[in-house]
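Read the structure below first, then the notes.
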Amino acid sequence: MVLDKIKAPNDIKKLDESEFPVLAKEIREFLIQKISENGGHLASNLGVVELTMAMHLSFLLPQDKIIWDVGHQSYTHKLLTGRREGFEHLREYSGMSGFPKRKESSCDCFDTGHSSTSISAGLGYAEAREITGEHYKVISVIGDGAMTGGMAYEALNNASRLNTNFIIVLNDNNMSISENVGGLSSHLGNLRTANVYQDLKVGVENSLNRIPFYGERMVSRIRRTKSGIKQLFIPGMIFENMGITYLGPVDGHNIAEMRRVFRDASKVNGAVLVHVITKKGKGYAPAERHPARFHGAEPFQIDTGLPLKRRIKANYTDIFSTVMRKLGERDQRVVAITAAMQDGTGLKRFHNMFPERFFDVGIAEGHAVTFAAGLAAAGLRPVVAVYSSFLQRAYDQILHDVCIQDLPVIFAIDRAGVVGSDGETHQGIFDLSYLSSIPNMTILAPKNKWELSDMMKFAADFDHPIAIRYPRGEAYEGLKEFREKIIFGKSEIIYQEHEIALLAVGSMVKTAEEVRKLLKSMGYFCSLINVRFVKPFDAALLDQLAEHHDMLVTMEENVASGGFGEHVAHYFAEKKREHMPELMNIALDDKYVEQGNVEILKKEHGLDVESLIKRIVTGYVRK
């Protein structure tokens with residue numbers, strides 16, 4: 001196998017050109033096999049095999065810097081830098097990350113996970129290179145989807161002022177910018193980057209500018225005429241008008257053509273954008289037909305593409321999807337907004353039924369929130385469906401545009417808490433902290449699937465900003481008999497005894513129920529409270545529990561700093577009660593949570609039943 005020859009960075013340069021197609025085929029077969037066994041991002045990686053090979057042939061790693069936007073498409077890059085063995089434990093706890101990681105390899109120069117960041121990071125590298133006097137190439141790879149994020153254009157605006165080489169590779173797998181792949185654009189690209197053209201352009205401008213009075217006018221008129229001609233032929237004029245040289249479109253599966261373009265791009269004394277056309281899922285028919293389904297794939301059967309495990313029970317996203325359909329039928333004011341996550345957030349059904357009330361704004365979370373604020377100010381009831389870790393990107397808009405105006409925007413926050421295999425950049429463990437710091441915000445967390453439905457209905461009739469956070473995965477069906485009406489700011493008492501009170505937030509109610517059973521079997525009396533409202537919390541119930549319990553244990557799938565437990569502790573510190581119960585806050589420590597199976601991660605961070613029992617029993621002193 002040709003792939004066997006790749007053991008270290010730059011080994012691809014030792015291959016004969018005739019071996020490149022074989023290597024590309026073997027890489028695809030390898031990725032399909034490994035991801036079918038362990039899961040991972042497939043379609044995006046299959047689409048960039050030749051592009052990655054061309055970059056590794058054109059540049060020298062780790063000296064040159066390749067920055068992957070989002071980074072889920074970096075699997076071929078990892079293979080070509082000698083990390084083949086790491087795929088045995090891809091995205092597992094203490095295994096190889098599914099994203100670039102600086103601590104994993106010197107060939108990963110920047111950690112990524114969220115979208116639209118690579119141009120900013122690459123610009124930082126390019127400017128630092130000039131300050132330090134070093135000599136290396138900087139290449140930022142960004143997808144056409146990521147170009148919907150405003151941060152990318154902020155970076156392009158600044159990159160246009162560069163007087164040093166900086167290569168931006170636009171990986172276009174939807175032909176969303178241009179279909180003009182042909183000889184004319186290639187010819188124009190060659191012309192604009194040829195040394196003789198660059199030298200002539202500068203020479204002519206300098207000569208004309210020296211002509212008194214008329215020189216500057218002549219240069220200005222020539223520039224306007226040249227731009228008008230370019231508008232007719234060059235598909236990348238949006239970039240040219242920003243001051244960034246545009247090359248392409250180029251076939252992203254033609255290694256020789258890409259190597260030539262990268263050589264031309266390296267000659268440009270400034271920012272240059274190389275537009276590459278690729279096919280998402282290339283080489284595997286199921287992924288080509290259904291690229292969204294194979295974005296983040298669970299283990300699957302290679303011959304059919306079907307998942308190895310069939311989902312029998314509904315997950316929380318399914319429940320949200322169903323209740324959104326019902327809300328849409330009931331209330332014409334309900335509109336739905338997503339940031340390029342229609343399937344992931346469960347809004348596809350709503351979109352199909354109410355297309356005029358569905359909005360996909362692209363990868364632009366900040367815009368999504370302020371857009372929702374405008375909709376709410378105009379009398380509608382917008383629901384912003386978003387993953388917890390991605391909502392972090394819109395903190396200012398939540399505070400400034402929604403909450404200051406006290407607008408009725410509903411935030412449906414999926415993937416809250418410990419998420420799993422995607423690692424630090426995707427864990428939803430900060431939302432309780434950053435949302436609870438904002439005045440006018442109300443925060444709820446459901447204990448099971450029925451309560452998520454009830455909370456969404458409550459939110460639809462609520463006249464203020466409100467966030468409902470729920471976890472990834474199978475929806476809990478326990479405690480069905482406990483379904484008290486939701487009352488603003490009130491918790492739900494599931495079991496009331498004395499000694500120890502467990503105050504559990506959302507997904508931790510299931511864990512708390514198991515903890516309570518074990519504590520009971522050990523002879524302890526134990527109350528169980530479904531917190532429901534993280535903000536405002538039920539202060540009256542806290543006072544009542546403090547009168548009759550020796551220990552209050554708060555339990556949340558969120559970092560301790562700024563979380564529910566910290567707010568409870570602050571409340572009691574301010575009260576200065578005569579009878580003060582022992583307080584124990586069960587939460588995540590002040591550190592990032594890496595990738596891995598959710599149950600393993602919870603055990604590692606002390607959120608599993610066994611760890612909680614040990615901690616509570618050790619900390620509790622009977623009075």
Side-chain angles (χ1 to χ4, degrees), residues 9-10 12-13 48 51-74 76-78 80-81 99-144 146-147 149 151-172 189 192-193 198 236 239-240 242-248 250 252 258-276:
N10 305 305
I12 191 173
K13 298 178 187 292
V48 299
L51 169 58
T52 308
M53 290 171 60
M55 289 193 295
H56 278 253
L57 287 162
S58 302
F59 304 106
L60 182 67
L61 273 72
Q63 178 179 322
D64 293 330
K65 315 300 180 186
I66 298 177
I67 301 169
W68 298 91
D69 205 278
V70 184
H72 59 265
Q73 77 281 48
S74 63
T76 299
H77 167 76
K78 295 197 176 202
L80 296 180
T81 50
F99 297 85
K101 283 286 179 286
R102 296 171 69 205
K103 64 184 180 183
E104 189 177 287
S105 170
S106 59
C107 295
D108 294 354
C109 66
F110 199 82
D111 290 8
T112 51
H114 287 184
S115 177
S116 313
T117 63
S118 64
I119 303 177
S120 297
L123 181 58
Y125 259 109
E127 293 284 17
R129 176 188 61 198
E130 300 309 300
I131 293 172
T132 60
E134 296 182 72
H135 302 281
Y136 53 79
K137 295 294 181 184
V138 181
I139 309 96
S140 291
V141 186
I142 186 167
D144 57 313
M147 289 294 287
M151 185 176 173
Y153 292 93
E154 294 173 18
L156 286 171
N157 182 56
N158 279 272
S160 65
R161 299 199 296 263
L162 270 181
N163 292 314
T164 182
N165 184 254
F166 171 36
I167 300 171
I168 302 163
V169 177
L170 173 57
N171 173 32
D172 179 1
R192 294 202 313 282
T193 56
Q198 298 286 352
F239 304 110
E240 291 274 350
M242 294 179 76
I244 295 169
T245 302
Y246 172 91
L247 301 179
V250 58
M258 283 188 288
R259 293 178 73 184
R260 176 188 58 76
V261 173
F262 288 141
R263 282 195 296 271
D264 291 342
S266 297
K267 301 173 187 175
V268 176
N269 190 34
V272 52
L273 185 138
V274 178
H275 183 181
V276 178

>> Whether the side chain of Ser116 engages the backbone of Ala146 through a donor-acceptor N/O pair (distance < 3.5 Å, no angle test) should be reported.
In response: yes
>> Can you list everything that forms a side-chain hydrogen bond (donor to acceptor under 3.5 Å, both in side chains) with Ser118? Sequence neighbours excluded, please.
In response: Asp69
>> Once rounded to the nearest 0.5 Å, what's the spacing between atom CG of Leu273 and atom CE of Met147?
In response: 6.5 Å
>> Test your reading of the model: is there a side-chain donor-acceptor pair from Tyr125 to the backbone of Phe110, 3.5 Å cut-off?
In response: no
>> Filter on salt bridge (Lys or Arg N to Asp or Glu O under 4.0 Å), then keep only pairs touching residues 103-122, sequence neighbours left out; what's left?
In response: Lys78-Glu104, Arg83-Glu104, Arg83-Asp108, Lys103-Glu424
> What closest approach, in Å, do Thr132 and Arg129 show between heavy atoms, and which atom pair accounts for it?
Replying inline: OG1-O, 3.4 Å
> Is the closest side-chain heavy-atom distance between Lys267 and Asp264 below 4.5 Å?
Replying inline: yes
> Can you find a pair of side-chain heavy atoms, one from Ile168 and one from Leu156, that are under 4.5 Å apart?
Replying inline: yes
>> Any heavy-atom pair between the side chains of Thr164 and Phe166 that's under 4.5 Å?
In response: no
> How far apart are the closest heavy atoms of Ala265 and Val272, and which atoms are they?
Replying inline: O-CG1, 3.6 Å
> Asn269: what forms a side-chain hydrogen bond (donor to acceptor under 3.5 Å, both in side chains) with it, not counting sequence neighbours?
Replying inline: none
> Can you name the side-chain contact (heavy atoms from CB on, under 4.5 Å) partners of Val48, sequence neighbours left out?
Replying inline: Leu51, Thr52, Gln73, Asn171
> Quick one: are Phe239 and Leu170 in side-chain contact, heavy atoms under 4.5 Å?
Replying inline: yes
> Is there a side-chain contact between Asn165 and Val268, using heavy atoms and a 4.5 Å cut-off?
Replying inline: yes
Table please: side-chain donor-acceptor pairs of residues 53-66 below 3.5 Å, with sequence neighbours left out.
{"residue": "His56", "atom": "NE2", "partner": "His77", "partner atom": "ND1", "Å": "3.0"}
{"residue": "Ser58", "atom": "OG", "partner": "Ala54", "partner atom": "O", "Å": "2.7"}
{"residue": "Gln63", "atom": "NE2", "partner": "His135", "partner atom": "O", "Å": "3.1"}
{"residue": "Asp64", "atom": "OD1", "partner": "Lys137", "partner atom": "N", "Å": "2.7"}
{"residue": "Asp64", "atom": "OD2", "partner": "Leu60", "partner atom": "N", "Å": "2.8"}
{"residue": "Lys65", "atom": "NZ", "partner": "Pro62", "partner atom": "O", "Å": "3.1"}
{"residue": "Lys65", "atom": "NZ", "partner": "Gln63", "partner atom": "O", "Å": "3.4"}

> Between Ile119 and Ala152, which heavy-atom pair has the shortest distance, and what is it?
Replying inline: CD1-O, 4.1 Å
>> Applying side-chain hydrogen bond (donor to acceptor under 3.5 Å, both in side chains), can you list everything that pairs with Ser106, at least two apart in sequence or on another chain?
In response: none
